[in-house]
Structures are given as structure tokens and as C-alpha cells.
Colleague: 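I'd like to ask some things about the structure below.
Counting convention: from 1, in listed order, for ligands and their atoms alike.
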Amino acid sequence: MTAAAPTSAKPRILISRAIFPQVVDRLASHFDVESNQADELWSPQDIARRLQGKQGALTTGSERVDAALLAQCPGLKICANMAVGYNNFDLPAMTAAGVLATNAPGVLTETTADMGFALMMATARRITEGEHYLRAGQWDRWAYDMLIGQDVHGATLGIIGMGRIGQAIARRGALGFGMKVLYHNRSRLPEADEAAVGAQYVSKQDLLRRADHVVLVVPYSAESHHTIGAAELALMKRSATLTNIARGGIVDDHALAHALQTGQIAAAGLDVFEGEPKVIPELLACTNVVLTPHIASATVPTRLAMANLAADNLIDFLLHGKALTPLNPEVLGQAG
Ligand code: DGY
């Protein structure tokens, strides 16, 4: 008689991209794990096939979870995003399918704010342009206007999107650099939070007219698509800079490239792009733009904390029916 194949009592999960090996090991102590440590770029069809028989998935912001995928994966119970942004999730479709969605807020706030500030400073002070100039052997003398830029200290900072990261940038600007802080957000902050950084709530138009440095930290949604387009860029000072660490699609990249080429604004710092990882040639051709490949949260401790929070959500939900950072908590009530 042949022995029956052993069956695993552990829930089964998929990790859709390469992550820290120690987090894979941690998850493997609770679950039957299929991981993607080779970091192949799986198509939606590959993901649907690999999710068969799985109850959970650890996703990054790159994998789309929508009605079409969910229809093919009836056993799926949770997708834990290793990102604070979750525009890769169709949340209503997940809720309708009874699939819990979680994200990774909080753990990346300060790191992402550091990067927003670094990008703004690099943009205002033309750091990467200066480095290219030097490396190209063009630096042969001092000149009063060589790579002359804009001040950050004491300038007016305009923040669009005043959630955790926006507030962390405001703190850096007000307390560290003596900046005057204007902000625009869907809802106004409590007075005490505004007072902590001396932030003044203004309309988007007012902010764009008055700010020396505009920083975008608004989450992506249909409503925030092209928050900054040609009309908004036309309101900005010609000496102003624009920094986007939010999401591609918040800025109309073609309109921005045009504004940079025509001197409508002085410079931009971009960590995110429409259609990334592709970047439109018009932006690549601009010298007055600092470009980074979506790395605002990319430090070792923060990326580890993001992966561990996603893992905690999978463990909490699949083993205990709860979750730390649910996006559709109504699904928790249906579990069990
Ligand atoms: C996030 O967490 O949303 C970041 O953009 C991913 O690195």
C-alpha cells in the first residue's frame, strides 16, 4: 500500500516579489510559503495561477489586485501590501470578495519625509546638475552665477497632502530650516497640529502662487489624478521648485516637462512617474530635474519594518482573525 502524501495543516501564502530572506523565513514558520526570491516579474495570469489554493498574499505596490484577479482566486482571504500606498488594490472589489486588504503605514513616515526633504534640497541647490557638470570636466573656474539656485532655509514651503508624511516634512521645514509652511489637504488639521509647525491651511491655488518649494505627498486616487497639470504649473513662481514623492499620476509629466523646458518653474525633484519604471524622454532630457527611481522609503530599517508589518498582518489575520492595519476592516467582521 502506498502512503498518502502528507498534507500541510498550515495556511498557504504567496510572496509576490523578493523580500528580506529573514522575513520569508519568519513567514515560513507559520505558513506554507511560495516565494519569488528570484524576483521575476509575474504577469497577472502568473499571479492568479500561483494564488490557487492560497489563503494569503504579501504584495508590493507593483501587483494589481482587482476584480478580474479575485474572480480567479476564490480561496484568497488577505492581501498584505508592503507599502503605505495601495492604489494597486481595487478596495471595493476586495471588500465585495471578502478579501482583507492591509497596508504598511507609520513605519516609513520619517524615512520618506527625509527623502522628500533631500529631493527638495537637491532640486533647489542643483546638486545632481552640479555633479554632472563636474564629472563632465566642465568646471574650470569660479563664477558668481555658476549653478546658482534657490534657498531652502527661510523660504515658503507648500505641502499638498498633509497626512503623516506631509506633517513630518512640515516639521523638518519649520523647526529645522525656519520655513514658513503652507498646506492644502482634503481636510484641515486640528488647530494644535497646525500650531505645532506653524502650518497655515490655504487653497491649492493660493499655495501654488505663494510657495517657493511645493512638495506633493497626496495619495493617488481618481480624484488626485493630475493634481498638478499645466494650469497649476502656470500659477507657480518662475523661481519655484516642485517635488513629487507621492505617486506617478499626481503630476501630469508632459505638462511638467514643458514647464521645466520653458522656465515656467525653476526645477523639479521626482521620485515617482506616470507609467514607471518608464520615464518620458521629455523629462529625461531636462537638466533642471532631479530623478530618483521610487526609493523614498528605501532604507534597510524601514524596508525591513514594512516587510515585517505586512508579515504581522498575514500572521494576525490568518492565524488569529485580526489585523494591525486593515484598509477594509468590515471584512474582519465577516471572517471565521
Ligand atoms: C509606499 O509605501 O507606498 C511606497 O511608495 C513604496 O515604496
Colleague: Can you list every pair that meets side chain to side chain donor-acceptor pair (under 3.5 Å) and has a residue in residues 89-100, with sequence neighbours left out?
Modeller: T95-N328

Colleague: At a 4.0 angstrom heavy-atom cut-off, what protein residues surround ligand 1?
Modeller: A83, V84, G85, L108, R247, H294, S297, R303, M306

Colleague: Looking just at side-chain N and O atoms, do S35 and Q37 make a donor-acceptor pair shorter than 3.5 Å?
Modeller: no

Colleague: Could you walk me through whether L182 and T156 pass the side-chain contact (heavy atoms from CB on, under 4.5 Å) test, one step at a time?
Modeller: CA-CA 7 Å; L182 307 177; T156 299; 3.7 Å; yes

Colleague: Which ILVMFWY residues are connected to W42, directly or by a chain of links, through side-chain heavy atoms under 4.5 Å apart?
Modeller: L14, I47, L51, V65, L69, L70, L76, Y86, F89, L91, M94, V99, L327

Colleague: Quick one: do the S16 and E63 side chains pair a donor with an acceptor below 3.5 Å?
Modeller: yes

Colleague: Once side chain to side chain contact (heavy atoms under 4.5 Å, CB included) is applied, do any residues pair with T262, and if so which ones, sequence neighbours excluded?
Modeller: H258, Q264

